[in-house]
Amino acid sequence: MTTQFRYIGKHRRTKEDPRFVTGRGRYAADIALPGTKHVALVASPHPSARIVSISTDAALAAPGVLTVLTGDEFCARTDPLYVGVDAPKVTRYALARGVVRYAGEWVAAVVADTRALAEDAAELVEVEYESLPFVIDPEAALAPGTHLIHPDHGTNVLYRRKFVWGPVEEAFAKADHQLAFRATWGRSSTVPIETFGVTARWDPVAELLDVWASIQMPKYPDQTARALRLPGNAVRVHFDVDVGGSYGVKRGIKHTVLVGYLAKKLGVPVRLIEDRLENMRGGDMHGPDRFFDMQVAFDRDGTIRGMKMRAVDDVGAYAGRSPLQLGKPVGAICGPYQIHAIEYEPTSVMTNKTPQEAVRGFGQSPTNFAIERAMDRVARQLGMDRIELRRKNLIRRDQFPYLIPSGSSYDSGDYHTVLDKALEASGYPALVRMRDEARLAGRLAGIGVATCLEPSGGNASFELLFNPKNETTTWMDSCLVRVDLSGSITGVMGTSSSGQGHETLVSTVVGEILERDPATIRVIHADSLNALPSNSPVGSRMAIMLGGAAAGAARKIRDALVAIAAHNFECSPEDLEYRDGNVGIKGAPSKMLSWDQLVEIAHRKFHKMPPGLDPGLQAQFVWEVPTGGGVPTQDGRVQMYPCYAFEAHVVYVEIDPDTGKPSIRKYVCGHDCGVMISPDIVHGMTYGGIAHGIGASLYEKFAYTEDGQLASGTFMDYLIPSSMEVPDIHIVDHCTPSPLTTFGQKGSGEAGYLGAPAAIANAINDALDPLGASIDTLPMSHLALWETITKATKM
Amino acid sequence: MSEELYPIEVEVNGVQRTARVPARLSLVDWLREDLRLTGTHVGCEHGICGACSVMLDGEPVRSCLMFAFQANGHRVTTVEGLAQPDGSMSVLQDSFCQAHALQCGYCTPGMLIAAQGLLNTNPRPTDLQIREAIGGNLCRCTGYQQIVDAVKQAASRLSKETAS
Ligand code: FES
Ligand code: FES
C-alpha cells in the first residue's frame with residue numbers, strides 16, 4: 001500500500017531528534033528572560049476548609065520578595081476558568097477564595113527574586129483554616145445529604161444522562177443469558193517527566209502579554225485572554241517551546257492566568273515551574289477515576305445482544321473539560337463489535353480530590369477496559385474460547401462503513417485479519433502450551449487478549465452532546481506552506497508539539513506532494529498571533545488534520561506552479577506533468593520549466609504570471625474534521641471522530657504467588673492505523689502507549705488517605721514503569737486505509753494505551769482463573785494481587 | 001540576610017569553571033540556571049526519574065541529589081559535552097536519531113548519560129544489561145524499546161570502529 005509513496009511510510013530520521021540528543025531542546029524551564037521573577041505556591045493542607053484568615057506580613061518582609069497574592073485580589077480581577085459542561089456555579093480560579101476544596105489547592109502565590117527565596121517566603125505565609133466536612137468516595141458524593149463541594153451548584157453531580165440507543169430492553173428480555181459486574185479504573189494520569197511550566201511577560205506599551213509554556217491545549221490563548229479580561233490579540237503564546245511530554249494533560253490554564261496576572265501587575269517577567277509535588281497534587285492533572293456497572297445480554301452461541309453501561313467518573317473538586325471524558329467514548333461505545341442495543345449512563349461527580357484533566361484517549365481506555373472485561377466474562381460464562389467469542393462479534397471487513405447505535409460511522413477496518421496476525425506473531429498455540437505447562441508446574445500464568453478501537457481525528461462533538469449551550473461543531477486545523485525566492489520550502493503550523501514529531505509530519509507530507517526532499521523543508525511553530533487556527537494535538541488528530549492541511553496547502557502550491565507553466569507554454573494544465581518540482585509538457589522532455597525558474601517567476605516576474613494568481617508563493621489550507629459538523633439528535637446520536645484505528649493485544653503474564661508480583665513475558669500488538677506517514681514515530685508512540693497502559697493497569701495510582709490527603713505525590717509512591725517492568729514489545733502492522741483522509745492515514749497518538757490495560761487485566765484474570773479468583777479493579781498492584789491470591793488459596 | 005557563598009572549582013565539559021555558590025544550591029540548578037547548560041533536565045528533584053543525570057568523573061550521577069559544592073574539584077560532563085571533539089554527534093547520539101529513541105526528548109539527556117556510562121564500561125552489553133543500565137531513568141514516551149535498540153546499535157557501531 002505504502003509503496004506508491006516516495007517519502008510517506010518510509011524509515012527516515014525525524015527533524016526533531018537532533019536538537020534533543022544534543023541538549024538543544026528549548027523547554028519552558030529553559031526560557032530565561034532578563035529580570036525574571038519566580039513563583040512559589042502556598043497549598044492547602046486540608047481537603048475541605050474555610051479560609052479564616054491569611055497573614056502575609058512575614059512573607060512580604062522576607063528577602064527578595066515582591067508580592068504575595070491571595071484569592072481575594074486575584075478572583076476579583078480575573079474571570080473564572082472555562083467549564084466544559086453547563087455548570088456555571090462551579091467556578092474555578094487559580095487561587096482559592098474563602099474555601100479550599102482539595103488538599104493541595106493553591107491558596108497564595110509568592111513572587112521573589114529566585115525560586116528558593118520564594119519558597120522560603122511561602123513558608124512564612126500564615127493561613128488559618130476551619131475544617132469542613134469532605135467527601136473522597138464518589139459513591140458517597142452521590143448520596144443524598146452529602147457535603148456539597150460547590151453548594152451554589154446544588155449537587156455534586158456535574159453531568160448525568162441516560163442514553164438509550166437501540167432496543168435495549170428487548171435485547172435483555174430475549175437473550176439467553178445475562179451477566180453483571182463492576183469494573184473500576186483507578187485514578188492515574190499521564191504524568192510527563194517534565195512538569196508544567198510557564199513564563200509570562202507584559203509589555204505595557206504594546207499592551208501585549210507574551211507567554212511561553214509547556215502547553216498542549218485547544219483554545220489556550222483565547223481562554224487565557226478571557227480569564228485575564230484582555231482582548232484575544234493581547235495574548236501571544238509562543239508555540240515554539242518544546243513540550244516535555246503531555247499525552248493530554250499539559251493544560252496549565254490556571255497556572256497561566258495566575259502568572260499572566262502577576263506579570264502584568266508587577267511589570268516584570270514571571271515564571272512558575274511546578275515541582276513534582278505541586279504537579280501531582282495541585283497541578284490539576286489527574287486522569288479518569290471511574291467505575292462501570294456493566295450488564296451484558298448474550299446468546300448461547302456467543303452473540304452479544306445488548307449492553308448496559310453505567311459509568312461514574314470522579315473528576316475531583318472542579319470541572320474544566322474533564323466531564324467530557326465520559327462523552328468521547330460515545331463514539332466507540334460498542335468497541336469493535338456488532339452490538340445493536342446499548343444503554344449508557346455517564347455520571348460525572350465531584351469530590352474533594354485534585355481535579356482531573358484530559359488523559360490520552362480522553363476516557364476511551366477505561367471504556368475499552370470495561371468492554372473487554374465484559375467480553376472475557378461472557379466467554380467464561382459460556383465456556384467459550386475468548387478469541388472465538390471476539391471473532392464472532394467483531395465487525396466484519398465487508399460491513400464498513402459501519403454505523404454504530406450511538407450515531408458514529410466507523411470508516412474502515414479489517415479486525416479479524418489484524419487479530420489473526422497478532423495471534424500468529426505471538427505463536428499463540430505455543431503460548432497456550434507455555435501457560436499450561438507453567439500452571440502444571442504450580443505457577444500462576446495467564447494469557448490476555450484485547451481487541452479495541454482508537455477513535456481518531458479529534459472533533460468536539462461531545463461538547464455539544466454534553467452541553468447544548470456549547471455549539472462547537474468545528475475542530476479545524478491548518479497549515480501554511482511558503483516557498484521563498486531561493487526555492488526553499490517552509491511549513492508553518494499553529495501549535496506546539498510534545499513529542500509527536502509534527503515537524504517531521506509536515507515536512508514528509510509537503511515533500512510528498514511537492515516531490516521535494518523533506519530534509520530540506522523547514523517547519524516552524526508560529527506564535528498564536530501569527531498562526532492559522534489550530535485545535536492542538538488532541539484526540540489522535542494531527543496525522544489526519546495537520547497532515548491533511550499540510551497536503552492541502554502543498555497542493556495549492558503545486559497547482560500554482562502548474563498554472564504558471566501552463567501560462568508560459570500557452571497550453572492547458574492537463575497537458576503538463578509535474579515532476580520533482582519541475583513542470584514540463586507531457587511527452588516533450590525539453591519543454592520544461594524548472595522549480596527554480598517557476599519560483600523566480602512567482603516572486604519576480606509578474607509579466608510572466610497568469611492573470612488571477614497572486615505573486616509570491618505561499619498557500620494556506622484550513623481543514624475541518626472530515627465527517628464533522630454534525631449536531632446530536634434528540635436521543636443523543638452524533639458522529640464523533642472520523643477515523644477508527646484498531647488494535648489487537650496478546651499478552652502473557654506470570655504472577656509470583658508469594659509476592660503478587662506480575663511479570664509480562666510476552667507482548668504482541670497488532671495495529672492498524674491505516675497508512676503510516678512516519679512508521680518510526682507511530683511505532684514509538686505505540687510502544688510508549690503500551691508502557692503507559694502497563695502503568696495504569698499494574699502500578700500507577702493517585703491514592704488518597706481516609707483523611708483526604710494525596711498519598712502518592714512523588715515518584716516513590718506513584719510508580720511509573722521503568723525499562724525493567726516494560727517488556728520487549730512486538731508490534732505487527734496492518735494497513736486498512738481510511739477512505740476519509742488525504743493518504744488513507746488514521747490517528748495513532750493514543751495507540752497501545754487504549755488496549756493495554758484491557759489486555760493485561762484479562763491476562764491477570766486468566767492467571768487467577770485456576771484459583772477461582774478474579775479482579776476487576778485497576779491498578780492491579782502487587783498488594784491487591786497478593787491479597788486476591790491469598791484469599792483464594794485460603795478458601 | 002544574604003546567603004553565605006562558597007567558592008567552587010569544577011571542570012564542566014572540559015572547561016574549568018569557578019563560582020561562588022550558596023550551600024543549598026543543587027548541582028543541577030547550578031548547571032542549568034548559572035551556567036545555562038539547559039540540556040540537563042529536572043523531572044522530580046528526588047532522585048527517581050534520572051532526567052538530571054550527568055557524569056561525575058565519568059560515572060552517571062543524579063545532579064538533583066548533589067549540591068553544587070559537592071562537585072568542587074571534580075569533572076562534570078553534561079549532554080552538551082557528549083559530542084565528538086569536532087562537534088559532531090557521538091555514535092550514541094547518532095544512534096538515538098537513527099532508531100528514533102525519543103519523542104519529546106525530555107528524558108533523553110539523562111538516557112544518553114546512563115547509556116554512555118554503560119558503554120564506557122561494557123562495550124557489548126546484552127539487552128538485559130541495557131535495560132538495567134537505563135532502569136533508573138524514566139521515559140514516558142517511548143516504552144524504552146527504541147532506546148534499547150539505539151544502545152545496541154551504538155554498541156555494535158562502536159565495536160566495529162574499534163575493530164577497524
Ligand atoms: S530530577 Fe534528578 S532524578 Fe529526577
Ligand atoms: S522521550 Fe519523552 S520522556 Fe522520554
Side-chain angles (χ1 to χ4, degrees), chain A residues 11 13-14 16-27 29-30 32 62-63 114-116 190-195 242-247 273 275-276 497-501 678 680-681 683-692 694 714-716 720-724 726 728-729 731 752, chain B residues 1-3 22 24-25 29 32-33 36-49 51 78-80 82-83 89-90 92-94 96-110 112 127 130-148:
Chain A
H11 161 75
R13 290 187 171 212
T14 73
E16 295 87 349
D17 288 355
R19 72 172 178 268
F20 295 135
V21 300
T22 50
R24 288 191 174 89
R26 187 164 161 270
Y27 300 88
D30 304 340
T114 67
R115 168 80 191 199
T190 72
V191 193
I193 307 303
E194 181 206 44
T195 60
D242 292 312
V243 180
S246 172
Y247 335 97
I273 311 287
D275 68 19
R276 186 47 70 182
S497 301
S498 38
Q500 306 92 333
S678 305
D680 291 7
I681 292 179
H683 291 153
M685 293 197 289
T686 310
Y687 292 131
I690 291 170
H692 183 191
I694 290 171
T714 74
F715 284 158
M716 279 171 284
I720 290 180
S722 78
S723 54
M724 301 305 287
V726 180
D728 205 48
I729 296 165
I731 297 171
Chain B
M1 178 193 82
S2 70
E3 281 180 282
R24 65 175 175 174
L25 183 70
D29 282 350
R32 286 183 47 83
E33 304 295 334
R36 297 302 304 154
L37 291 168
T38 53
T40 304
H41 295 153
V42 173
C44 68
E45 293 177 285
H46 51 257
I48 304 289
C49 75
T78 69
V79 65
E80 289 92 343
L82 287 182
M89 278 189 221
S90 72
L92 183 64
Q93 287 170 316
D94 194 67
F96 265 55
C97 294
Q98 183 63 18
H100 189 49
L102 55 141
Q103 287 167 42
C104 76
Y106 201 74
C107 71
T108 308
L112 288 164
D127 279 22
I130 296 171
R131 284 186 179 270
E132 278 169 354
I134 61 167
N137 290 63
L138 297 178
C139 173
R140 201 51 159 169
C141 293
T142 64
Y144 308 101
Q145 185 96 12
Q146 287 150 309
I147 299 178
V148 175

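Below, read A as the first sequence line, B as the second, and so on, with proteins coming before strands; counting in each chain starts at 1. Just so it is clear, the structure is predicted and the values come from calculations on it, not from any experiment.
Contact annotation for Asp94(B): both backbone and side-chain heavy atoms come within less than 4.5 Å of a heavy atom of chain A. At a 4.5 Å heavy-atom cutoff, the contact between Val42(B) and chain A is made by backbone atoms alone. Neither the backbone nor the side chain of Ala83(B) has a heavy atom closer than 4.5 Å to any heavy atom of chain A. For a residue to count as touching a neighbouring chain, one of its non-hydrogen atoms must lie under 4.5 Å from one of that chain's; by this rule Leu112(B) touches chain A with the side chain only. At a 4.5 Å heavy-atom cutoff, the contact between Arg131(B) and chain A is made by backbone and side-chain atoms alike.
Salt bridge present: Arg24(B) and Glu3(B) bring a charged side-chain N and a carboxylate O closer than 4.0 Å.
Contact count against chain A (heavy-atom pairs under 4.5 Å) is highest for Thr142(B) among Leu37(B), Thr108(B), Thr142(B). Most heavy-atom pairs under 4.5 Å with chain B: of the set Tyr687(A), Phe20(A), Tyr247(A), this distinction falls to Tyr687(A). Heavy-atom pairs under 4.5 Å with chain A peak, among Gly135(B), Cys97(B), Gly105(B), at Cys97(B). Contact count versus chain B (heavy atoms, under 4.5 Å) is highest, among Glu194(A), Arg24(A), Glu16(A), Arg19(A), for Glu194(A). In terms of heavy-atom pairs under 4.5 angstrom with chain B, the leader among Ala29(A), Gly499(A), Ala62(A), Gly752(A) is Gly499(A). Chosen from Ala116(A), Gly689(A), Ala691(A), Pro192(A), the residue pairing most often with chain B at heavy-atom distances under 4.5 Å is Ala116(A). Between chain B and the residues Thr686(A), Ile694(A), Val191(A), the largest count of heavy-atom pairs under 4.5 Å involves Val191(A). The residue among Asp275(A), Asp242(A), Thr714(A) with the most heavy atom pairs within less than 4.5 Å of chain B is Thr714(A).
For Gln103(B) (side chain) and Cys141(B) (main-chain N/O), a donor-acceptor pair under 3.5 Å exists by modelled atom type.
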